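What follows is one structure encoded as structure tokens, with my remarks underneath.
Remember, predicted model here, so these are calculated numbers, not experimental data.
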Number of protein chains: 2
Amino acid sequence: MVTPTKIEEARRAYIESLTETMAMYGLSPSMGRLYGTMFFHEDPMTLDEMMDLTGMSKTSMSTGVRALSALKLVHKKWQKGVRKDLYEAEHDQVRSFIEFFCVMWDKEIELNARALSRAEENLNGLLDDPEITPEEVTNIEMDLNRLAKAKLYYTWLRNLVKTFESGEIFDHVPVPEYLDK
Amino acid sequence: MVTPTKIEEARRAYIESLTETMAMYGLSPSMGRLYGTMFFHEDPMTLDEMMDLTGMSKTSMSTGVRALSALKLVHKKWQKGVRKDLYEAEHDQVRSFIEFFCVMWDKEIELNARALSRAEENLNGLLDDPEITPEEVTNIEMDLNRLAKAKLYYTWLRNLVKTFESGEIFDHVPVPEYLDK
DNA sequence: CTGTATATACAGTTTATATTGTACGGTTTT
DNA sequence: AAAACCGTACAATATAAACTGTATATACAG
């Protein structure tokens, strides 16, 4: 007879690989294992089930599942008559991908575009100083030049995010059809 | 008179922001500071200059600059008569972006597509077992189904990488023009 | 070929992150 | 209203990563 552990072993190996990938993107091992576990789980899961299946603490499940929710990799799901919170993995992985990277890229833009503006302001302010030396002017202008180029990058990235979020990207890189057998 | 430190202070603030962004993508603080420093430095730099400007150890500079090179965020540059290795930041940030993410995505595909194939093989092997129970068959088929869907995602991602690497992406998300003043 | 300078390997130390166990606050059931 | 249960905050521990200093290998100039 086929032991259940053989099926589980096949899952485990793939989950391990998923975990490694997610670690690449800065997610913790526990989040990776948790997501992988949920990926294979048909029904929405409770924190306790997660605890059992992953063998990790409930606290980890709580924080992990919340973090995964924030990234839209899993979703809360309500079920009438069930008190416990239920979560399931987002099944559309392309969607997860887009969600994940757009959030990151947005953060990058938000963070750096602001810092860039401040730096520009400061440098422009220095140019007004009457006692500035010619050498300093050169340096400041070089910096401003670099920042101006960087701004173009952020503009491009903003447009890229739009292209992904609007789904326009699929006009150029279509999602292959799923053919149920 | 404008002190040099005021210019440096403007730089430092922006570098800090860059560092934070890069941390988001899994790069260490030292790599972030180093890249940021090189971003503002006109000429190619030696390890010693990096050490001076960042205030960090030479070992950090050596490993950091090599890691940044692997990601194509900086480039080695030869200069006749100079024995020391010289490095400069890649000025085209859009190119850096594409290079960086395509490397990551390639790694993800390579790692997971392989693990997926192995999992499929294993599960299909289990189906051949004559003593398998109907319930197990259901479970295995559910798993195979999920994996089949995941494969579509990897196919899509492969195509996305191609679209970026070939430059085709710029037909749909063009890089804004730089207008020198 | 020798001396000198350069970059990296390695081990140790420091610092940060991930994970767990316990305790608490809020809700539902009896 | 009391009891039971659920999810999360918080502090403590375990684990891992970053960073440095010293030692070694490599490459170049004379």
Side-chain angles (χ1 to χ4, degrees), chain A residues 15-16 18-38 43-71 73-88 104 107, chain B residues 15-16 18-38 43-71 73-88 104 107:
Chain A
I15 290 173
E16 206 166 88
L18 280 180
T19 303
E20 224 173 303
T21 301
M22 292 172 74
M24 220 166 66
Y25 298 137
L27 307 196
S28 68
S30 72
M31 280 170 76
R33 279 194 294 271
L34 179 54
Y35 173 79
T37 304
M38 295 177 79
D43 305 311
M45 298 177 77
T46 66
L47 289 185
D48 289 311
E49 286 175 304
M50 296 174 201
M51 200 169 66
D52 286 348
L53 273 168
T54 64
M56 295 186 295
S57 74
K58 198 167 181 179
T59 304
S60 278
M61 300 304 95
S62 176
T63 57
V65 92
R66 256 186 317 148
L68 290 170
S69 288
L71 296 169
L73 294 175
V74 309
H75 300 291
K76 214 175 208 167
K77 201 154 194 191
W78 291 100
Q79 213 161 321
K80 209 166 86 176
V82 179
R83 267 174 71 177
K84 304 187 182 189
D85 292 356
L86 292 167
Y87 297 90
E88 69 178 1
M104 274 205 156
K107 270 193 218 158
Chain B
I15 289 172
E16 206 165 88
L18 280 180
T19 302
E20 224 173 304
T21 301
M22 292 172 75
M24 220 166 65
Y25 298 138
L27 307 194
S28 67
S30 72
M31 280 169 76
R33 279 194 293 271
L34 178 53
Y35 173 79
T37 305
M38 293 175 80
D43 305 310
M45 297 178 78
T46 65
L47 290 185
D48 289 312
E49 285 174 305
M50 297 175 201
M51 201 169 64
D52 287 347
L53 273 168
T54 65
M56 295 184 294
S57 74
K58 198 168 182 179
T59 303
S60 278
M61 301 302 94
S62 176
T63 59
V65 91
R66 256 187 317 147
L68 290 171
S69 289
L71 296 168
L73 294 176
V74 310
H75 300 290
K76 212 174 209 168
K77 201 151 193 193
W78 292 100
Q79 212 161 315
K80 210 168 81 175
V82 179
R83 265 173 74 174
K84 304 185 182 192
D85 291 354
L86 292 167
Y87 296 91
E88 70 178 359
M104 274 205 157
K107 271 192 218 158

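Atoms NZ (A/K84) and P (D/dA4) sit 16 Å apart, rounded to a whole Å. Computed from coordinates, the A/M56 CE to D/dG7 P distance equals 16 Å when rounded to whole Å. Between B/L34 atom CG and D/dT20 atom C1' the separation is 16 Å, expressed in whole Å. Counting to the nearest Å, the P atom of D/dT20 and the CE atom of B/M61 are 7 Å from each other. Summarising the geometry, the separation between CZ on A/R83 and P on D/dA4 is reported as 12 Å, rounded to the nearest angstrom. Between the NZ atom of B/K76 and the P atom of C/dT6 there is a distance of 15 Å, given to the nearest Å. One can place CG of A/L47 at 13 Å from C1' of D/dC5, the figure rounded to the nearest angstrom. Taking atom NZ of B/K58 as the reference point, atom C1' of D/dG21 lies 13 Å away to the nearest angstrom.
No hydrogens or angles were tested; on distance alone, nothing pairs the side chain of A/T59 with the base of D/dG7 as donor and acceptor under 3.5 Å.
For B/S60 and D/dT20, the shortest distance from a side-chain N or O to OP1 or OP2 is below 4.0 Å. Side-chain N/O atoms of B/S30 include none lying less than 4.0 angstrom from OP1 or OP2 on D/dA18. Put simply, B/S62 has no side-chain N or O that comes within less than 4.0 Å of OP1 or OP2 on C/dA7. Between D/dA18 and B/R33, no contact under 4.0 Å exists linking OP1 or OP2 to a side-chain N or O.
Rounded to the nearest 0.5 Å, atoms CZ (A/R66) and CG (A/L47) are 10.0 Å apart. B/L86 contributes atom CG, which lies 9.5 Å from atom NZ of B/K77 (distance to the nearest 0.5 angstrom). Separating the OH atom in B/Y35 from the OG1 atom in B/T21 is a distance of 10.5 Å, to the nearest 0.5 Å.
Distance alone, capped at 3.5 Å, places no donor-acceptor pair between the A/S62 side chain and the A/K58 backbone. Remark: the backbone N or O of B/M56 is not paired with any side-chain donor or acceptor of B/S60 at under 3.5 angstrom.
Using a 4.0 Å heavy-atom criterion, one finds that A/D85 contacts the sugar-phosphate atoms exclusively. Backbone-only engagement by A/S28 is indicated by non-hydrogen atom pairs under 4.0 Å involving sugar-phosphate atoms exclusively.
Of the candidate nucleotides C/dA7, D/dA18, C/dA18, D/dA18 has the atom nearest to the side chain of B/P29. Side-chain atoms of A/D48 lie closest to D/dC6 of the nucleotides D/dC6, C/dA7, D/dG21.
Looking at which nucleotide of DNA chain C each of A/G55 and A/G81 is closest to, the 5′-most match is held by A/G55.
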